[in-house]
Amino acid sequence: MAYDPDNIFAKILRGEIPCNKVFEDDYALAFHDIQPQTPVHVLVIPKGAYVSMDDFSATASDAELASFSRAIGHVARDLGLVENGYRILANNGEDSHQEVQHLHMHIFAGQNLGRMIKPIDK
Ligand code: AMP
């Protein structure tokens, strides 16, 4: 899928709409999800124009890849999530119900998160 520069996270990166920032460096930004699904729900995004993890992992620079990974760790440590634990999750494409077409990693924490995926009834 081609990158749409009008997606909501691109607008956040351009400063056209606000975000509740948690962490930022040259290549990544982390901010609180606007509709948190757990007591702590943070999104980590690369600053570059990437739709999905398969795209990002194939075409991003080593600095971008390192920054994205390190940003997740910064959020976990800075928000005190390490002791009780947290979950990271990225939706990619239609079957995953990805809503915003700019790569983002969800960080969920602040409660017992239950099983990872609800088994499908067969
Ligand atoms: P996904 O379904 O994985 O694409 O998740 C998109 C996430 O972006 C959802 O959890 C939304 O609540 C969140 N979201 C949408 N708009 C904003 C915004 N302006 N600021 C922060 N989070 C947002």
**Student:** Is there a continuous path of hydrophobic side-chain contacts, each under 4.5 Å between heavy atoms, that joins F23 to Y86?
**Tutor:** yes
**Student:** Are V75 and I88 connected into the same hydrophobic cluster when the rule is that any two of I, L, V, M, F, W, Y join if their side-chain heavy atoms are below 4.5 Å apart?
**Tutor:** yes
**Student:** Please tell me whether V22 and V100 are part of a single hydrophobic cluster in this structure, the criterion being side-chain heavy atoms less than 4.5 Å apart.
**Tutor:** no
**Student:** First locate atom CD1 of I12, then atom NZ of K21, and finally report the distance between them rounded to the nearest 0.5 Å.
**Tutor:** 12.0 Å
**Student:** Going by the angle between their ring planes, with limits at 30° and 60°, are H104 and H106 parallel, tilted or perpendicular?
**Tutor:** perpendicular
**Student:** Please confirm whether the backbone N or O of A66 pairs with a side-chain atom of S69, one donor and one acceptor, at under 3.5 Å?
**Tutor:** no
**Student:** Only distances under 3.5 Å count here; give the side-chain donor-acceptor pairs of residues 27-38 to other protein atoms, sequence neighbours excluded, each with its distance to 0.1 Å.
**Tutor:**
{"unit_1": "D33", "atom_1": "OD1", "unit_2": "Q35", "atom_2": "N", "d": "2.8"}
{"unit_1": "D33", "atom_1": "OD2", "unit_2": "H41", "atom_2": "NE2", "d": "3.3"}
{"unit_1": "T38", "atom_1": "OG1", "unit_2": "V40", "atom_2": "O", "d": "2.6"}

**Student:** So which heavy atom on L89 is nearest to which on F108, and how close?
**Tutor:** CB-CE1, 4.1 Å
**Student:** More than 12 non-hydrogen atoms from neighbouring residues, nucleotides or ligands closer than 6.0 Å to CD on E16, yes or no?
**Tutor:** yes
**Student:** How far apart are the closest heavy atoms of P46 and L13, and which atoms are they?
**Tutor:** O-CD1, 3.9 Å
**Student:** What are the two closest heavy atoms between Q101 and N7, and how far apart are they?
**Tutor:** O-ND2, 3.9 Å
**Student:** Which residue, F68, F9, Y3, F56, forms the ring pair (Phe, Tyr, Trp, His ring centres under 6.0 Å) with Y50?
**Tutor:** F56
**Student:** How many angstroms lie between CD in E24 and NE2 in H74, if you round to the nearest 0.5 Å?
**Tutor:** 12.5 Å
**Student:** Starting from L65, can I reach I107 by hopping between I/L/V/M/F/W/Y residues whose side chains sit under 4.5 Å apart?
**Tutor:** yes
**Student:** P39 and Q111: which non-hydrogen atoms are nearest, and at how many Å?
**Tutor:** CD-OE1, 3.1 Å
**Student:** Of the non-hydrogen atoms in N92 and Q98, which two are nearest, and what is the gap between them?
**Tutor:** CA-OE1, 3.3 Å
**Student:** More than 12 non-hydrogen atoms from neighbouring residues, nucleotides or ligands closer than 6.0 Å to CG on D95, yes or no?
**Tutor:** no
**Student:** How far apart are the closest heavy atoms of S52 and L103, and which atoms are they?
**Tutor:** C-CD1, 3.9 Å
**Student:** Mark yes or no for whether K47, through its side chain, and D25, through its backbone, hold a donor-acceptor pair below 3.5 Å.
**Tutor:** yes
**Student:** State plainly whether one hydrophobic cluster holds both L79 and M105, where clusters connect Ile, Leu, Val, Met, Phe, Trp and Tyr through side-chain heavy atoms under 4.5 angstrom apart.
**Tutor:** yes
